[in-house]
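Numbers restart at 1 for each chain; the letters A, B, ... are given by sequence-line order, proteins then strands.
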Amino acid sequence: MKRYITNPPFSDSILKTVLFSSRHFASSAATAPLDLEDDIGGFTGASFGGIIQDKDLLRKTPNGLYVLGLIDNGAMDPNATLYNQLLKRCTQLGRLKEGRLVHAHVLNSSYRNYVAVQNSIINMYAKCGSPVEARKVFDEMAERDMVSWTAVITGFSQNDRAQEALGLFVEMLRDGFVPNQFTLGSVLKAATAVGEMEGRQIHAVCLKSGHGDDVYVGSALVDMYAKCGQMEEAKVVFDGLMSKNEVCWNALIAGHARKSEAAIAVRLFSEMKKAGFEATHFTYSSVFAACASIGALEQGKWVHGHLVKSGLKLIAFVGNTLLDMYGKAGSIEDAHKVFDRLVKRDVVSWNSMLTACAQHGLGRETVECFEEMRSRGILPNEVTFLCVLTACSHSGLLEEGLYYFELMKKLKLEPDISHYVTMVDLLGRAGQLGHAEKFIKEMPIKPTAAIWKALLGACRMHKNIDLGAYAAEQVFELDPYDSGPHILLSNIYASAGRLRDAANVRKMMNDSGVKKEPACSWLEIENNVHMFVANDDSHPQRNEVRRMWEKIADKIREIGYVPDTSHVLWYVDQQEREVRLQCHSEKLALAFALLNTPHGSTIRIKKNIRVCGDCHTAFKFVSQLVGREIILRDTNRFHHFRGGSCSCGDYW
DNA sequence: ACACTCAGAC
C-alpha cells in the first residue's frame, strides 16, 4: 500500500497526528468501518475512473476513509472538488480525526494552495470544535479571501471564544475587507456574548454596510437585543425584516421567555403560526419555559394542544420542559401524564418528575419514583440527589434524607454546595438545629450565604432566637443586600414579643438601603393574568375584591379563624395591624378567584415570596368553607388546601 | 467548490 507519509511536505505536528490517527483507525476494528486494503484490493486505477462521478462513493464509508484509501492506493486521482466533498463530509459528521487525515492528504497534493480547499479545511476544524487548528491553517495561508476570514471568525464565535472572534474581525477590517452578511452574522453572535456595547457597535457596522435587513444578520440582531433584555429594540429590528424565518421568530420568543413574559411569548407563538411558520422543538421549549416561570397553566395547555396537533414527537427535548411546566404550574397530574407519554426518558425526565413530586410536597412518592428509576437501571446524577434530598426536606423525611446523602457519596457523586444547603434545611426543619449547626461546622466547603439562610429559616420555624441571630449575622456579612434574611430575623423577634429588636432590624435595613421585595400574588383566568400587590389599589375590581374578602373573613372567623398579627412588621396598633394583614396579596387574589371562577373548580394562585403564616391559616379555613381545592404556589413549593388542611401539613 | 442567525429542562 502506498503511504502518503513518505515525503511529507507538511509540518511535524500534523504528521504525528496523521500517523496516530491512521494507526488508530487501522487497528481499531470497532471504529474502522472496513479494512482499506481488502476493500480496494484487486482494482486498478482505470477501473475506478468512472467511480469519481459516482454519487455513492462517499456513502461507502461515510467518513471518507474509503476514498482516502483509493487515493493512497493510486487507484484514484483526487481533485479540489473531491477534497471539498470529503472535508464537508467530515464537517457534517463532526469527525475531527478523519478531517485531519484529509488535511494531510491535501498537503501532500498539488491542491494545497487552493484557497477554496484551504477554506474548507478551516471550516472543518472550526465546526469540529478546533478553532486553534483552523487559525493555524488561516495564519499560514499566502492569500485569504472573504470566505477564509468568515470561516476562521466563525470558528471562534461558535466555540465560545468571542473575544478572539472580535479581534480577528478588527484585523479583517484593517486588511481592507468589507464584511458581508456571512461575516456579520458570526461577528454579531460573538458580540452578543461579549456585551451590549459591542453588540450595538456591530449593529452600526451592519447598517453602514447595508446588511441590516438580511435575515441572518437580522436574526442575530434580534437575539443580541433580546439577550441584553432590550425587547423593544429587538422588536424594532424584527419588524424591520422584510423576510423572516423561524430563527428570528425563535430569537424573539426566547427573549420574552427569558424575561418570564409568558403572555407575550404565547401571543408571538400564535402570530408565528398565523404567519405560516412552523414552530420547532425550540419554539415549544421556550414557550413552555415561559409558562413554567409564571405558572401559566391554561396558556401552557393551549400551546401543548398545538404541539399535539403539530405531529411533532414528544421527545425529551420538549417533553422535559413540558413536564416541568405542568409541575411548576401546579398540575402534578398532567406532569405525570407527560412523563408516561414521553417517547424516551433521559435522566432529566426523571429528575423533572422527581422535582415535580418534591415541589408538591409528595415526599414518599418522590422516594418511590427514585427507587423505580434505580431499579430500571437509570444512573442518577447530582441533580437527582438534589431532588430527592429536597423532597425529604420538604416532607420531614429526616432518616431518608440522611440515608440518601450517604448513598450519594457511596455512588461517587460529589455533593456540591446546593446539596449541603438542602441538608442544613432538612436537619433544621426537622428541629435538629444543633445537628444542623454541627453539620455546617464540619462540611468540607466554606459555608455560603445560602447555608446560613437555610439555618435562619429553620430558626424562624422553631423560634430559636439566639441561633437565628447568629445565622443572620453570617448572612448579613456574606449577602448584605438580600431583604429576606432581615425580614426573617425581624419576624423571629416579633413572634417572641421582642418588638423593639424587630424594629431595630427594620431600621438597620432602611439605613443600609436594603429594599423589601414587594409581595405579589397572581392568578390566571381565561388566559388573563390578574396580579395583586399588598395594599394595592390598582385592580379595576378592587372594591368588590375587598368587600368579598371582608365577607369571607367574617365567615371563617365563625368557624375558628383567629387572625395572627405577630408577623406584621409595622409598629402600629392592633387594629391597624389587622387591617394590613387582611390586605395581603394572596388574600386579595383568593377573593378575586372566588368572585370570578365557577363553583367547585380548583383555584390556583401564585406568589413571589413565601406565604405568610396567617394567610396559610386563612386559606385552610376558606378551603373548608367553600368546599374547593386551593393550590398556592410559593417561591419553591406548592400548598394544596383541601377540606380545612394543607398538603404541607403545616411543615414548610 | 468554501463562509452566517436561534437553541429547552432538573
Side-chain angles (χ1 to χ4, degrees), chain A residues 79-88 91 111 114-124 126-127 134 144-155 157-158 165 179-190 192 206 211 214-224 226-227 234 237 241 244-255 257-258 280-290 292-293 315-328 338 342 346-359 380-388 390 418:
Chain A
N79 57 31
T81 306
L82 180 68
Y83 279 132
N84 277 336
Q85 284 176 328
L86 284 170
L87 288 161
K88 194 175 177 181
T91 305
Y111 302 100
Y114 275 46
V115 175
V117 176
Q118 288 172 314
N119 289 346
S120 290
I121 293 168
I122 294 174
N123 187 43
M124 181 275 297
K127 296 286 157 54
R144 302 169 185 127
D145 63 10
M146 281 299 299
V147 178
S148 326
W149 280 102
T150 306
V152 73
I153 288 173
T154 303
S157 169
Q158 292 187 348
N180 61 18
Q181 67 272 35
F182 290 94
T183 333
L184 290 170
S186 265
V187 171
L188 268 168
K189 183 186 162 82
T192 303
C206 296
H211 294 294
D214 174 83
V215 70
Y216 281 83
V217 174
S219 299
L221 282 169
V222 169
D223 182 53
M224 186 269 289
K227 290 218 174 100
V237 176
L241 292 176
K244 298 178 171 62
N245 61 14
E246 76 282 355
V247 176
C248 55
W249 279 100
N250 285 350
L252 189 66
I253 292 173
R258 262 179 243 119
T280 64
H281 281 129
F282 290 105
T283 324
Y284 283 106
S285 210
S286 294
V287 178
F288 290 141
S293 65
I315 55 169
F317 189 94
V318 65
N320 292 349
T321 321
L322 182 60
L323 196 170
D324 180 58
M325 186 275 288
Y326 278 126
K328 292 206 175 110
V338 172
L342 275 174
D346 58 18
V347 67
V348 178
S349 314
W350 285 92
N351 291 350
S352 303
M353 194 64 241
L354 291 169
T355 302
C357 290
Q359 282 169 338
N381 61 18
E382 287 85 351
V383 180
T384 315
F385 278 97
L386 187 60
C387 299
V388 175
T390 305
S418 64

Do the side-chain N or O atoms of Q158(A) get closer than 4.0 angstrom to the phosphate oxygens (OP1, OP2) of dA3(B)?
no

Between N123(A) and dA3(B), is there a side-chain N or O to OP1/OP2 distance below 4.0 Å?
yes

Provide, to the nearest angstrom, the distance between the CE atom belonging to M224(A) and the P atom belonging to dC4(B).
20 Å

Flag for D324(A)-T321(A): side-chain donor and acceptor within less than 3.5 Å:
no

A151(A), nearest nucleotide to its side chain (from dG8(B), dC10(B), dA3(B))
dA3(B)

Can you confirm whether or not the ring centre of F317(A) sits under 6.0 Å from the ring centre of Y284(A)?
no

Would you mind telling me which of dG8(B), dC10(B), dC6(B) lies closest to the side-chain atoms of T355(A)?
dC10(B)

Selection from dC10(B), dT5(B), dA3(B) that lies nearest to any side-chain heavy atom of V383(A)
dC10(B)

Could you state the atom-to-atom distance from CZ of F282(A) to C1' of dG8(B) in whole Å?
8 Å

Separation of dC4(B) atom P from K189(A) atom NZ, nearest Å, is 11 Å

Atom pair CG (N79(A)) and CD (Q85(A)), whose distance is rounded to the nearest 0.5 Å:
8.0 Å

Tell me: CG of L221(A) to C1' of dC4(B), nearest whole Å?
12 Å

Would you indicate what V215(A) reaches in the nucleic acid, counting non-hydrogen atoms under 4.0 angstrom: base, sugar-phosphate, or nothing?
base

Please tell me which of the listed nucleotides, dC10(B), dA3(B), dG8(B), lies nearest to the side chain of N320(A)?
dG8(B)

So does T183(A) get a backbone contact from the side chain of N180(A), meaning a donor-acceptor N/O pair under 3.5 Å?
yes

Using a heavy-atom cut-off of under 4.0 Å over every strand shown, decide if A116(A) touches base, sugar-phosphate, or nothing.
base

Go through the N and O atoms of the side chain of N351(A) and the base of dA9(B), and report whether any donor-acceptor pair is under 3.5 Å.
no

Any S219(A) side-chain heavy atom under 4.5 Å of D223(A) side chain
no

For atom CD of Q181(A) and atom P of dC2(B), their distance in whole Å:
16 Å

Under 4.0 Å, counting only non-hydrogen atoms across every strand here, what does N381(A) touch: a base, just sugar-phosphate, or nothing?
nothing

Per atom distances to the K227(A) side chain, the nearest of dC6(B), dA3(B), dA9(B) is dC6(B)

Name the closest nucleotide to the T321(A) side chain, picking from dC4(B), dA9(B), dC6(B).
dA9(B)

In whole angstroms, the gap separating C1' of dA1(B) from NZ of K88(A) amounts to 9 Å

Does a side-chain N or O of K244(A) approach OP1 or OP2 of dT5(B) to a distance below 4.0 Å, or not?
no

What's the CG-C1' distance between D223(A) and dA7(B), to the nearest Å?
9 Å

Report which part of the nucleic acid T81(A) touches: base, sugar-phosphate, or nothing (heavy-atom distance under 4.0 Å, all strands).
nothing

Under the criterion of centre distance below 5.5 Å and interplanar angle below 30°, is W149(A) classified as stacked on the base of dA3(B)?
no

By the 4.0 Å heavy-atom rule, please label E382(A) as base, sugar-phosphate, or nothing.
nothing

Look at all strands and tell whether A316(A) reaches a base, only sugar-phosphate, or nothing, counting heavy atoms closer than 4.0 Å.
base

Rounded to the nearest Å, what distance is computed from the CE atom of residue M124(A) to the P atom of nucleotide dA1(B)?
20 Å

If we count only N and O atoms by modelled type, under 3.5 Å, do the side chains of S120(A) and N123(A) hold a donor and an acceptor together?
no

